[in-house]
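This report concerns only the one structure given below.
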Amino acid sequence: TRVAILISGRGSNMVSLIEAAKAPDFPAEIVLVLANRPAAGGLAHARAEGIPARAIDHTSFADRAQFDAALHAALTAEDIDLVCLAGFMRIFTPGFVEAWAGRMLNIHPSLLPLFRGTHTHRQALDAGVRLHGCTVHYVVPELDAGPIVAQAAVPVRSGDDPDSLAARVIVQEHRLYPAALALVAGGRARLEGDRVLFAGDAA
Ligand code: GRF
């Protein structure tokens, strides 16, 4: 399975996916990294790992659809099978999402469907939840709403602020995303309509 990772910033989730894919039995190969910002720190890391990496700068396109078309062209040119969004901070047009339906994953720093959108750790603290975490899901046109592949939970501790909570969640993200990618790329999890079925589940 040929995987492209899309980033916007430091790409810490990208790093954990690259590391996991080095295992000889990992069912996917990271063959491309794309960033919507030329300054994305993750680009240098990917290149240092020998992975083709380039910026497709969203500010150099007249509109969202043209940016998405450039992304689509770059992905299809490399015969990408699966796209992993990792700290990617752009919202796609429905057309792009439909083109990659069932072939695009995202990691979101909350236990979806709770706390969609941004500032999820602040949302969790404001809601007073005792459990928080992260979710890997298939991407659908609606933001942070796709079928869930995997989740990991962390406790919220008294005295937590968004930074301390984020620090606890990101550790789980770095464990969860590689595991979820392996499930999907290895064919042990698959999308059937709007549900994720796992190997052994009755279809
Ligand atoms: C992470 O919390 C991730 O869940 C969210 O963006 C944050 C930074 O991700 N999507 P990364 O370090 O750039 O992978």
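In listed order, ligands and their atoms are each counted from 1. The first residue of the sequence shown is numbered 1, and numbering continues consecutively from there.
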Are any of the heavy atoms in G9 under 4.0 Å away from ligand 1?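 In this structure, G9 fails to qualify as a contact of ligand 1 - no heavy atom is under 4.0 Å.
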Ligand 1 contact by I107, heavy-atom criterion under 4.0 angstrom: yes
Please list the nearest protein heavy atom to atom 3 (C) of ligand 1 with its residue and the distance rounded to 0.1 Å. E173 OE1, 3.1 Å
Give me the nearest non-hydrogen protein atom to atom 14 (O) of ligand 1 as residue plus atom name, then the distance to 0.1 Å.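 Residue, atom and distance for the closest contact: N13 N, 2.8 Å.
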Determine, for [X] against [Y], whether the closest basic-nitrogen to carboxylate-oxygen distance falls under 4.0 angstrom.
X	Y	result
E19	K22	yes
E49	R47	no
R64	D68	no

Apply side chain to side chain contact (heavy atoms under 4.5 Å, CB included) to residues L75 and L32 and explain how you reach the verdict. CA-CA 8 Å; L75 294 167; L32 179 65; 4.3 Å; yes
G87: numbered ligand 1 atoms lying under 4.0 Å from its heavy atoms: 6 (O), 9 (O), 10 (N), 13 (O)
Out of P109, C134, S110, S12, who gets a non-hydrogen atom closest to atom 11 (P) of ligand 1? S12
Below the 3.5 angstrom mark, is there an N/O of [X], backbone or side chain, next to an N/O of ligand 1?
X	value
R10	yes
G11	yes
H121	no

When you look for heavy atoms under 4.0 Å from ligand 1, do you find them on the side chain of M89, its backbone, both, or neither?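 For M89, no heavy atom sits under 4.0 Å from ligand 1.
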Atom of P52, atom of V31 and distance for their closest heavy-atom approach: CD-O, 3.5 Å
Which pair of non-hydrogen atoms, one from S110 and one from T135, has the smallest distance, and what is that distance? O-OG1, 2.7 Å
Check the side chains of H108 and H137 for a donor-acceptor pair under 3.5 angstrom, ignoring hydrogens and angles. no
So, the side chain of H132 versus the backbone of A124: is there a donor-acceptor pair under 3.5 Å, distance only? no
Atom 7 (C) of ligand 1 touched by protein (heavy atom, under 4.0 Å):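 No, because not a single protein heavy atom sits under 4.0 Å from atom 7 (C) of ligand 1.
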